[in-house]
Amino acid sequence: MRNRFADTFYELGKADPRLCIVVADISPAGSIAKFRQEFPERFINTGVSEQIMIGMTAGMAQRGLRPFAYTIATFSLYRPFEMVRDDLCYQNLPVTVVGIGGGVTYSTLGATHHAQEDVSIACSIPNLSVIAPCDPSETAAATRWCATQEQGPVYLRLGKAGEPDFTAAAAEPWAFGKLRMIKPGRDVCILSYGPIMKRAFAVAERLDAAGRSAAIASVHTLKPLDRDRIAEILARFKQVVVIEECAPNGSLAMRVREIAWTSRASCRLDVFTLQDEFKHCYGSHDDLLDEHGLSVPAICAALGLA
Amino acid sequence: MSQPSPTPASRRTNSFDPSLARERCRRYRRRILDISQQVSALHVAPAFSCTEITDAIYHGLMRREADGSFRDVFLMSKGHGCMIQYVILEEQGILSRQDLDLYCKRGGRLGAHPDFGTPGIAASTGSLGHGLGIATGQACAEKLKGSDVAVYCLLSDGEFQEGSTWEAMMMAANLNLANLVAFMDNNDFSGLERMSEGHKAFYPLAEKARSFGWEVAEVDGHDGAAIFDAVMARRADRPLLVLCKTVKGKGVSFMEHVPIWHYRSPNAAEYQQALAEIERGRA
């Protein structure tokens with residue numbers, strides 16, 4: 001995702017001189033090196049200073065540029081939180097805040113680097129749109145949308161690297177604010193987003209093998225949430241499952257429950273989120289997800305699969 | 001109540017007449033006091049400390065386009081001082097008399113902190129330590145666009161206690177933003193205490209700013225001509241910080257150096273006394 005973001009930004013930035021990237025001492029990798037070389041004045045490194053990274057993008061947007069702020073998710077959102085809220089969201093400026101490694105992606109670095117509440121927090125700020133693509137292809141589409149929209153600030157939550165392509169066979173195109181079916185199925189529908197999509201596919205495989213045909217939807221836009229489509233899914237499927245890499249409070253799971261209640265849904269609903277805990281453990285991204293109770297066997301057991 | 005006297009749109013800036021400035025500043029203070037009798041939510045003292053600074057920016061430094069609009073940018077980082085900006089914008093015809101009459105009232109659009117989207121207001125401020133970062137981004141954008149627009153940003157001394165302000169100090173110097181001029185309203189009071197007593201390490205500030213790569217000028221913040229001259233005399237190869245020594249509540253004896261006037265509004269008797277002192281030309 002990170003590299004596809006960089007490639008897409010480079011291509012867009014060549015054509016649009018308003019596009020700038022302000023980073024806080026982190027390399028966006030890949031093509032951004034080319035962008036930096038070709039357009040050094042539009043690549044700004046604030047150093048380890050996240051508040052000015054956000055503050056500057058606000059001023060740049062007010063004067064007609066289209067800046068992206070880019071660093072590790074915890075530092076793009078938590079450290080300069082008030083600048084995101086006041087400078088970008090209150091003033092409703094078209095700035096994209098990119099958070100790399102949302103969730104527990106930085107699994108060896110400890111909870112200081114885990115953005116496990118980022119989606120909850122971002123969704124609670126007025127005017128802020130929240131997008132969390134699940135693979136490189138969605139990342140490219142989302143980046144293109146962010147770079148060309150004029151309506152306001154966006155939090156773009158990306159994985160780190162190496163995510164497979166989950167959406168190549170999707171019948172529906174990516175569209176901002178729209179839920180997207182990426183795997184057809186009849187009985188169960190899994191709602192997921194972000195890098196944990198890999199586990200949604202593993203669970204779907206087990207469901208299919210057990211004769212329970214599983215669909216998967218990418219809920220890449222967390223805000224504004226496609227409530228109508230979620231209500232339709234809750235009405236159409238016998239069972240709906242949410243799998244996400246986000247703290248429970250303010251999660252997609254919580255909001256799907258709310259939609260189920262208000263739409264009087266009668267399907268079975270199972271939700272799987274990160275726990276409301278800081279984990280003092282280290283390992284791979286998969287290890288951390290397991291530690292939060294999100295292993296594929298644990299999810300399958302909860303869904304009644306032997 | 002004094003009547004605003006609109007400034008002709010064709011007025012040439014980058015000149016400064018001290019005697020006209022003194023009369024303007026008296027008028028601004030009277031108007032602020034008038035408004036203080038309509039609502040209690042007011043920061044009179046912090047507006048009085050930066051009256052001459054803001055006047056020098058609007059009436060001396062900011063250049064205008066042929067259509068009368070400002071070519072340069074002014075950003076009020078110390079948002080709690082916005083009353084002075086409002087009364088100047090009223091005189092300029094950018095805000096209406098009704099706008100100010102509805103200050104902090106239902107149905108109005110002016111609050112006790114300035115709000116982006118309101119005519120003449122460059123950014124939403126009020127939370128301290130945000131303005132210089134935004135101004136740095138604005139100056140950076142203008143430099144990238146190849147324009148000659150200057151960005152003027154007024155900060156309180158308390159804002160220099162925010163780490164975010166020092167991040168901006170570093171970045172503006174790193175980017176050689178010669179089109180950025182910051183003014184510090186050094187009235188020496190935060191909400192609680194005298195900064196020079198409670199925060200001795202804050203001083204001296206000039207050498208701190210210079211060591212961060214800024215050009216620094218130190219002036220009497222109630223001498224508009226000195227402020228204007230300091231900016232016009234700058235080297236203009238780096239950002240400039242104008243340290244303005246000011247008096248909080250300047251012009252009204254019982255407000256000067258008295259912290260509670262950061263928050264409170266004069267009662268009827270205090271209003272009459274304050275008006276009389278301003279007429280006599282204490283400021």
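Below, read A as the first sequence line, B as the second, and so on, with proteins coming before strands; counting in each chain starts at 1.
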Checklist line | B:Glu167 side chain near A:Thr46 side chain, heavy-atom distance below 4.5 Å | finding: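 Not touching, per the 4.5 Å side-chain cut-off.
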Next item on the list: Determine whether A:Leu252 and A:Leu225 make a side-chain contact, defined as any pair of heavy atoms from C-beta on separated by less than 4.5 Å.
Entry: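 They are in side-chain contact.
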Margin query: Assess, by modelled atom type and distance only, whether the side chains of B:Ser77 and B:Glu159 contain a donor and an acceptor separated by less than 3.5 Å.
Written below: yes
Does any heavy atom of chain A fall under 4.5 Å from the side chain of [X], the backbone, both, or neither of them?
{"X": "B:Leu175", "answer": "side chain"}
{"X": "B:Ala168", "answer": "both"}
{"X": "B:Val149", "answer": "side chain"}
{"X": "B:Lys143", "answer": "neither"}

Margin query: On a heavy-atom basis, which atom in B:Thr136 and which in B:Leu177 lie closest, and how many Å separate them?
Written below: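 Residues B:Thr136 and B:Leu177, closest heavy atoms: O-CD1, 3.5 Å.
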Notebook entry, point to check: Minimum heavy-atom separation for A:Ala61 to A:Pro94, with atom names?
Noted result: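 Closest approach of A:Ala61 to A:Pro94: CB-CD, 4.4 Å.
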Sort [X] into side chain, backbone, both or neither according to what part of it lies under 4.5 angstrom from a heavy atom of chain B.
{"X": "A:Glu50", "answer": "backbone"}
{"X": "A:Ile44", "answer": "side chain"}
{"X": "A:Asn45", "answer": "backbone"}

Next item on the list: Heavy-atom pairs under 4.5 Å with chain A are the metric here; pick the option from B:Ala139, B:Ala123, B:Gly117 that has the most.
Entry: B:Ala123
Checklist line | Quiz item: cation-pi between B:Lys248 and B:Phe189, 6.0 Å / 45° | finding: no
